[in-house]
Structures are given as structure tokens and as C-alpha cells.
Amino acid sequence: MTTSNWVVRQQLFPPAVGARLPRLPPGAGMPERRSVVPIEWFRRMPNGGTVYLRSPR
Amino acid sequence: MVKRRLHAAGYVNTGSSMLSSPSAPALHARLAPADVLVDERRALYRLAVELFAPGTEMSDNLLDHPIVRYEIGRALAGHGGVDPEALREVAAMGVRDVGIAVASDPAAAEQLEAPLRIIAPPGQAPRPLTEADGERFETAVRIVADGVDLFRRLAPAMAGDLLAHVSMLAVLRAETSGGVVSASSRYVPGIVLIDEPVGPMEVAEALVHEGAHEKFFDLAITREFLDTHAEDAEYFENSWSHARWPLEQTFAAWHAYTCLGQFFLLSEPAQLGPHSLLPKARERAAEIGDWLLAHEHDLLPDARWLLRALAGQVAEAADGVSTVDASLLAAGIREDGNFRVPPDVTYRLAKSGRAVVGRMEERPEIFWLDSDAGWVLNECRQAPGPFGLLLGNATEQWRVDLPEARRRLAAALGSLHVFSIIEASE
């Protein structure tokens, strides 16, 4: 079966997946965050990827 | 022996930092459960479309499409605009759903031109397997389905955590893959490309490896991980191939190797493929992690927290910089002021309650707000908000006493003001 895909399928993961909370190391509280966080990720879009290559034989 | 791109010499592995890592999925969930993270990512892309094409509504599924994310990312990077109709057209491709959407459209080579070009080894032109390849494609799809099942069976929490960030998988024809085992790109987030698989364990490992990268991409656009300072940071040089990696790639590699190392503990060695990184993953994660810990000042708070938490190390008690910044910013807020949102500021609320704000300058500017700042923005959106009125409402909304409400309100207003997300008038 081929699904028509101008929509990709719905995400099938359940709500809050992986939400089991671990015991953190002593003192490892959550990070303090700023009220306003600029997102700069898109300012540079490197034309490359994380590519795992076989080594040449 | 295997190698990765962007490599380079001489790091001594102490291996001291990653001996007993807490579960990666559980620590990811402390930052944000996968469904929360994906919803916030969609809010950001929805906002981006609104900035370029006001009034356009797009479905969650459309916003998850890797090529749609590629086109929006290009626009956010200052390369062109967003054409909603073109987005719908580029996303109109056939996939086979086998627990993950596998590109199957006979025209996939054209539709996936961008990721295929971006991940291609020099001189190579990878081509995807599609339904036009008949039984060869059907065989590959069966192996992918078995690989997804295997991943979910061996590591259900990790599978749910990472696959939530993988919207599509493309299988490369072996004779065209040019040595690619698996690949992903932050330029086309959400798609994983793999070589034509021989067995399901290869697929499962590729999904851990590239799924970890995809998870990182989504964390990087919704949380405090890296800023542009990362481009000027020192490079890491690994000991096994002497590759030199910029900070962003170093963090991504550490994160992937950490996930692979944890997956290795849940897998069966007899199943491993010939190019498996699993046996080496913990050692490499330790080497990279030790270097990152020595350079953690170049990371933003959430990245630093994840690094330390996965390393099983005590985090710093507090990030004093942001505390000082908040009080300094608050000091500039006048209590006889009125506050309003400029007309060119637009925002979207994620289901988590976090707000993502956009403003079009020369290039779009995007900000995530904490819940206090998001509430203030909403209060000032319809009409200018006098400080006194905001303070009274905040005391009620936040259920805190007046001094605490004043402190939090001034901090939120100060932060919003310094980024020109609100304007103040007397």
C-alpha cells in the first residue's frame, strides 16, 4: 500500500513518551533559563550532513 | 575500520566521564517529552510560515515533511521566501508506512533532490530505491519494517524517543550510495537516508544514530543549546580518524555515540552488521564527552545540562549569568510605563504553553519565551498594558505575593523590551 503523502503519516508515538523521570546526580537540577531565548540556529544552514561512510576497501 | 566525515589528531581518551550514563530517553524527557518537543517544533515552523505568508494554515503532517522543513529553513536562513502552494506540491510524494514512512514514489529522486545532493560523497550521486524497482524495493521495505520492529523491541523507550523526530526514511540503491551507511542533515531535518540494508539490525542502528541527530536538531531549535558563538569555538579532533569537528558537530556526534552506546547494551552482538559502530560507541562518547566537559562554557544551559546529566556529573548549582541579566533588565522597567506589542510581532503558542515569537527584520528573528514572558505578551497584545494593571493581573494569575509578582513581571518585561518584542511608553 502506498499512502498519499502530501501529508506525511501521523506521529504514532504516545503522549509523553519516554517521560519516566530518572534519578539525577546530586545537585543536577534543571538549567536556569532566560525569559526570552533568541533562536539563531537558522542563521547559518551549512550545506552538509552527518554522513557515516564505510571506509575505503 | 569506519570513518566519519569532517574529521582530524591526537586526543587522549580518559574515558572517565561516561561510565554510568543515565538513560538518554529519560533525560531527554526531563528537557521535554518527545511529543512536547515535536509540538513546539511545529509551532515554530507554523510561525515561520506566518511570517512569510500571513494567513496560511498548514497541517501538522505537512509541517513535519522534511522537504517542507528544508524550504522553510532556507527562507529563515535568508535564502528566498515561502510559497505555501509550492510547499504542498513538494510534499506530495508517495511513501510506504512500515512503522516509519519510507519514500516509495517513483519520482522520489527528484522530490528528494536536496537531501540526496547534500549528503552525497564527493563525485557520487545517490539514488533512492522506489516502487519502480519492484521486488528489490519490496525486499528493502521488509527489512526496514523488521528493523523498526527490532528497535522498538530491544529499546522501546529509546525508539519512541528518537523515532518521534524521524518523519521519513529513504533507502539508497547500493550501487549509488558511494559508501554512505547512513546520513542525515540539519538542512533537511526529519529524513534519514540509509544504504540498501542487508539485515534489520543495520536499520535499527541507523535509526538510533540518525534519530539521535534528528532529536538534537529539534532540541537546538526549541531549547538553549548553541548560539552563533559556537561557530567561533575551538574545534574537536578525534583520536580515531583525526577528523576536526566544529562544536555543533562535536555535540551532535557525542549525543549520537551516547545513544548508540546505550543501545549497544540492549542489543545482541551476534546481530551486528559489518559496519556497526556499537562496540566502539561508549569509548568514543567518553572521549568526545570529556572534551565537551572541558569546553562546556561554549554551550548554552540546556546543552550543558544534558551533557552533565548524561555524563552522570553534578551540574553547576546555578547559571548566575542569566540571573544577573534578568535583574539588570528588570531595572530598566518603569512602573509608570505602558507596554504594547508592536504590530510586526507575531507569535504562536505551543500546547506546552511556551510561546514562540517572530518578527521580520532584514531576516526573520525568532524567540522562545518562558511562561511568564508569554503571559505578559498575551496581556499586552490587544491593548497597551499599564504596569499597575499587569501587576495586579500577574499576582492573581501566578498566585504569588506582590513583591514576587513585581520581580517576575519586571524581569519578563525587561527581557521582552530588550529584544523589542514589546514597546514601552509613559
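In what follows, chains carry the letters A, B, and so on, assigned in the order in which the sequence lines appear, proteins first and then strands, with residues in each chain numbered from 1. Here the structure is a predicted model, which means the values were calculated and not measured.
Annotation: side chain of Glu40(A) is not in contact with side chain of Glu231(B) (no heavy-atom distance under 4.5 Å). Counting heavy atoms from C-beta on, the side chains of Arg74(B) and Phe42(A) never come closer than 4.5 Å. Looking only at side-chain heavy atoms (C-beta outward), Val37(A) and Phe367(B) stay at 4.5 Å or farther from each other.
Across all non-hydrogen atoms, the minimal contact from Arg363(B) to Arg43(A) is NH1-O, 3.4 Å. Considering every non-hydrogen atom in both Arg54(A) and Asp195(B), the closest pair reads NH1-OD2, 2.8 Å. When all heavy atoms of Ser35(A) and Ala373(B) are compared, the pair lying nearest together is O-CB, 3.9 Å. Residues Val51(A) and Val180(B) approach most closely at CG1-CG2, 3.9 Å, considering heavy atoms. In terms of heavy-atom proximity, Ile39(A) sits nearest to Thr222(B) at CD1-N, 4.5 Å. Shown here for Val36(A) and Ile421(B), the closest heavy-atom pair between the two residues is CG1-CD1, 3.8 Å.
Considering only residues two or more places apart in sequence or on other chains, Phe225(B) meets the ring pair (Phe, Tyr, Trp, His ring centres under 6.0 Å) condition with Phe251(B).
When heavy atoms are compared at a cutoff of 4.5 Å, Leu306(B) does not approach chain A at all. Contact annotation for Phe216(B): only side-chain heavy atoms (C-beta onward) come within less than 4.5 Å of a heavy atom of chain A. With a 4.5 Å cut-off on non-hydrogen atoms, Asp227(B) touches chain A through its backbone and its side chain both. Looking at Ser371(B), neither its backbone nor its side chain comes within 4.5 Å of chain A, counting heavy atoms on both sides.
The backbone N or O of Trp41(A) sits less than 3.5 Å from a side-chain atom of Arg186(B), completing a donor-acceptor pair. In this structure a side-chain-to-backbone donor-acceptor pair under 3.5 Å is present from Glu224(B) to Arg34(A).
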